Amino acid sequence: MKYLDEYRDPAAARRLVEAIRGLVTRPWNLMEVCGGQTHAIVRFGIDELLPEGVRLIHGPGCPVCVTPIELIDKAVAIAARPGVIFCSFGDMLRVPGSASDLFRVRSEGGDVRVVYSPLDAVRIAAENPGRQVVFFAVGFETTAPANALSVLEARRLGLANYSVLVSHVLVPPALEAVLGSPDRIVDGLLAAGHVCAVMGTEAYHPLAARHRVPIVVTAFEPLDLLQGIHMALRQLEEGRAEVENQYDRVVRPGGNPAARAVMDEVFRVADRAWRGIGVIPMSGLVLREAFAAFDAERVFEVEGVGGPESPHCRSGLVLQGLLKPQACPAFGTLCTPDNPLGATMVSGEGACAAYYRYRRHGLA
């Protein structure tokens, strides 16, 4: 398959593994930021090919996982109201709130619909003028431009029945929190390629310099990841801390200017809570005041809605790279994909879901 097999070539992978083994002289910890990278690493066993002492640890780069429980509870509360059509990407339906989830709301008669684009939700709003249509706008810088575009499109169409429940988060502030933590164990970073495709690489240079850590923008196929690991380890062995771009077939230094412009027009930066981690200053996006009429939190007045996390869920430590999923006492027992305690067990990019899917047998 063109544009896929090239990045899964076994002979090329073996050469990269040998190059890595010939390079490393001491233990290093690399954090892959993106949950998509985590799934590829676990699925293809890339971590098991690395020299002893080189560890891959998982970062906070799963948009579903970091959506705070308060917003899940608000989504559930809004979706359960009569006359509401609640639209969401499929990953969000099984994410547990404090007492329920969107899937349960749908099973109890709520009109919860899975869509594949926020513009699908705008279309549904146009087709149902007598009902309120809400889109659950989650994700990193990757999805924010399309969600912003849906608001502009709803305004252009004059829709008064469309709103978005916003839970956007930004990667650089989260990495600042990880790298600045007194518990930091990270020596180098594999940055998320799709986020950088939108935002570029400029924001990472200050991080690399301030924390003396190499950052390699990396894609998601096995050869991409092995090459990114090799680039990061080479910097560490040479005592360098720079930003390098493994994903240069897609990522440009300035990112995607058109996408950044539409995002900046609709959203502004604000403090944001991350599930299991807590509030990270200036790490989220909220609607600008000019678009307040499209803010579902204001339209439905859900201020104060939200309950506590499960006391058994350790997903916050997993998201900071401080705990391997299988080291959580609840992993595979109290917490499974059919009965998740946290979002990391049900998200398509969740670290716990990756380990449960590919390595649940024979875990220590």
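FYI, side chains are in, hydrogens and waters are out, and symmetry mates aren't considered; it's all heavy atoms of this structure. Keep in mind that what you see is a predicted model, and the values were worked out from it rather than measured.
- Taking every heavy atom of both residues into account, Arg8 and Pro222 meet most closely at CG-CD, 3.8 Å.
- In this structure, Glu18 pairs ionically with Arg21, as a charged nitrogen and a carboxylate oxygen lie closer than 4.0 Å.
- Between Phe140 and Trp274, the ring planes are tilted. Angles from 30° to 60° get that label.
- Closest non-hydrogen pair, Pro172 versus Ala203, comes out as CG-CB, 4.0 Å.
- Contact annotation: the side chain of His39 never approaches that of Val42 to less than 4.5 Å [non-hydrogen atoms, C-beta and beyond].
- Centroid-to-centroid, the aromatic rings of His194 and Phe220 come within less than 6.0 Å.
- The six-membered or imidazole ring of Phe86 lies near that of Phe136, with a centre-to-centre distance under 6.0 Å.
- At least one donor-acceptor pair under 3.5 Å links the side chain of Thr218 to the backbone N or O of Val216.
- Classification of Glu176 and Arg210 as a salt-bridged pair holds, one side-chain N sitting under 4.0 Å from a carboxylate O.
- Here Asp120 does not pair with Arg113 in a salt bridge; the nearest charged N to carboxylate O distance is not below 4.0 Å.
- Counting heavy atoms of neighbouring residues, nucleotides and ligands inside a 6.0 Å radius, atom CZ of Phe103 does not exceed 12 of them.
- In this structure a side-chain-to-backbone donor-acceptor pair under 3.5 Å is present from Arg184 to Val186.
- Here Arg249 does not pair with Glu6 in a salt bridge; the nearest charged N to carboxylate O distance is not below 4.0 Å.
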